[in-house]
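See below for the structure under consideration.
Side chains are part of it too, since the values below use all heavy atoms of this structure and drop only hydrogens, waters and symmetry mates.
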Amino acid sequence: MPAQPVNRNRLLRRLTELAQIGRSESGGVTRPGFSPADLEARRYMVREAENSGLPTAVDAAGNLWLGPRPHPGTTTLVLGSHLDTVVDAGPLDGVYGVVSALEAVENLTSLSLAHPVTAVAFANEEGALHPQPFWGSLAASGQLSTPAAATTAYDGTLLRDALTRAGGNLDAIDQARLDPHQLLAYLELHIEQGPVLERERIPIGIVDAIVGRVQLEVELMGAAAHAGTTPMHGRSDALTAAAEIVLAVEDLPAADWCQVATVGRLEAAPNSPNTITGLVHLTVDVRDADEGQLHQAASEAVRRIESIAQRRTVKASCTRAASSKPVLTDAALRRSIAAAAARRAVPTLTLTSGAGHDAQMMAAITPAAMIFVPSVGGVSHVPHEDTSPDDLVLGAQMLQDTALALTSHPGSLA
């Protein structure tokens, strides 16, 4: 019996209904990890899966499984992404991959497959926790450091309590770790979040690498003083130092230190119109597909920050708040995606992901790959994030076709 094709109406309906969960006045979606909106989206997906007769479960890290969890005696193909969002996000980042994964599992489960296939919505991919990362895919791949007792969720509540609300268990977090011997591979479908596919008019992207990232937390301590009575000479203005640092970070890619570099958040105190700024907190985000280059760029960023601070008589403190290694996707999986596209005469383009994904974590324990579909205008993490319905359906079909090819015959990838 051949697999049922992707159900266009069901796929688009689910995406539309999920976009209403956490919807803001601007038309965007705000669904931080473990928030009430995130939990509502999880309940929605559970209902949809169970209506199709699929088992569901939440592991200790809060990852939501839609279909059978990998278990001894099998090698399971895992499809997935995440349901949580940044603040005022669009309707597709992450959730498109989960909805498409569920669609594939629904259409393939009734077939006689050599390998089981299942879907997962990894917890908290957008990282709405402080002071250290807690990603469900980090726990699943065995790379999660023991969270600090003071780690809090988006709303200031303790991670322990937030995780319990989601059905997880911080004390049993090791139970979320997957056994690599029970995994065939991991596949993730995602919007590109960039302009390449749309610009080249190619409907399917095959990701060859995912960039690594280093995030620095920077504190600049100057001296607050009266803006009118303090002479310009001799000021210790943390904000002017920060302004110079923003431009120095922006210059890193132009000087070939890395692919991209960004100051994404800046907070000044006392933030008064007639007071010299005494304190600034800012973040530096550096990304590159080469691990050595990435760390050299991060070190150069610190050097520039310290040099600017010294020249402007400001004290600087730089801390590595988060980092992830760049990864290459699995060559055999890339060939499988390309073959699935060729069977339908669908053009493809190989490209690198400039954003981090759960596939980056899963690649540590199993072959992993990603499929991209075009993003309208190349934008993401904003309310007007969009992809055409035809591209959404085609991407889901490419995911399902690839999954079917991988699970139809026994054996490992080659």
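We find that Glu300 and Arg303 are joined by a salt bridge, their nearest charged nitrogen and carboxylate oxygen being less than 4.0 Å apart. Taking a cutoff of 4.0 Å between a charged side-chain nitrogen and a carboxylate oxygen, Glu48 and Arg13 qualify as a salt bridge. A salt bridge is defined here as a Lys NZ or Arg NE, NH1 or NH2 lying under 4.0 Å from an Asp or Glu carboxylate O, and Glu217 with Arg265 meets this definition. Salt bridge Arg8/Asp390: present, at least one basic N to carboxylate O contact under 4.0 Å. Using a 4.0 Å cut-off between charged side-chain N and carboxylate O, Arg31 and Glu126 make no salt bridge.
By the 4.5 Å heavy-atom criterion applied to side chains, Leu183 and Thr75 are not counted as neighbours. Between Thr262 and Thr283 the shortest side-chain heavy-atom distance does not fall below 4.5 Å.
Between Pro203 and Val346, the shortest heavy-atom contact is CG-CG1, 3.8 Å. In plain terms, the two heavy atoms of Ala268 and Thr277 that are nearest each other are CB-CG2, 3.9 Å. Closest of all the heavy-atom pairs between Glu125 and Trp135 is O-NE1, 3.4 Å. The heavy-atom pair separating Ala359 from Ala368 by the smallest distance is O-CB, 3.8 Å. Heavy atoms only, all atoms of each residue included: Glu192 and Leu197 are closest at OE1-N, 2.9 Å. Residues Arg312 and Ala241 come closest through the heavy atom pair CD-CA, 3.5 Å.
If you check the side chains of Thr164 and Asp161, you find no donor sitting under 3.5 Å from an acceptor. A donor atom on one side chain and an acceptor atom on the other are not found under 3.5 Å apart for Asp358 and His82. Side-chain N/O atoms of Asp93 and His190 include a donor and acceptor closer than 3.5 Å. Defined by atom type and a distance below 3.5 Å, a donor-acceptor pair is missing between the side-chain atoms of Arg213 and Ser323. A side-chain N or O of Ser353 and one of His357 form a donor-acceptor pair less than 3.5 Å apart. Checking Glu188 against Ser81 by side-chain atom types alone, a donor-acceptor pair falls below 3.5 Å. The closest side-chain donor-acceptor pair between Thr352 and Asp208 falls under 3.5 angstrom. In the model, Glu267 has no side-chain atom that pairs as donor or acceptor with a side-chain atom of His281 under 3.5 Å. Between the side chains of Ser24 and Asp88, at least one donor-acceptor pair of N or O atoms lies under 3.5 Å. In this structure, a donor-acceptor pair under 3.5 Å is present between the side chains of Gln400 and Asn107.
Although no hydrogens or angles enter the test, the distance criterion places a donor-acceptor pair under 3.5 Å between the side chain of Gln293 and the main chain of Asp256. Using a distance-only test at 3.5 Å, with no hydrogens or angles considered, a donor-acceptor pair links the side chain of Tyr186 to the main chain of Gly80. Of the possible donor and acceptor atoms, none in the side chain of Gln360 sits under 3.5 Å from a partner among the backbone N and O of Ser324. Under a 3.5 Å cut-off, the side chain of Glu385 and the backbone N or O of Leu92 do form a donor-acceptor pair.
Pro389 pairs with exactly one of Leu11, Leu12, Leu394 by the side chain to side chain contact (heavy atoms under 4.5 Å, CB included) rule, that one being Leu12. Partner of Arg304 under the side chain to side chain contact (heavy atoms under 4.5 Å, CB included) criterion, chosen from Ile245, Leu252, Leu247: Leu252.
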- Report the C-alpha separation of Arg43 and Glu40 in whole Å, then their side-chain angles, then the decisive distance to 0.1 Å, and conclude whether the salt bridge (Lys or Arg N to Asp or Glu O under 4.0 Å) test is met. CA-CA 5 Å; Arg43 289 191 293 269; Glu40 184 180 349; 5.1 Å; no
- Give the C-alpha distance, both sets of side-chain angles, the deciding distance and a yes or no for side-chain hydrogen bond (donor to acceptor under 3.5 Å, both in side chains) between Gln193 and Ser375. CA-CA 6 Å; Gln193 302 180 277; Ser375 292; over 6 Å; no
- Task: Quick one: do Gln182 and Thr74 satisfy side-chain hydrogen bond (donor to acceptor under 3.5 Å, both in side chains)? Show the steps, please.
- Result: CA-CA 6 Å; Gln182 298 171 12; Thr74 66; 6.0 Å; no
- Item | Thr350 vs Arg334, side-chain hydrogen bond (donor to acceptor under 3.5 Å, both in side chains): CA-CA, chis, key distance, verdict | CA-CA 9 Å; Thr350 299; Arg334 294 200 302 270; over 6 Å; no
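To the nearest 0.5 Å, atoms CZ (Phe122) and CG (Leu138) are separated by 10.0 Å.
Counting heavy atoms of neighbouring residues, nucleotides and ligands inside a 6.0 Å radius, atom CZ of Arg311 exceeds 12 of them.
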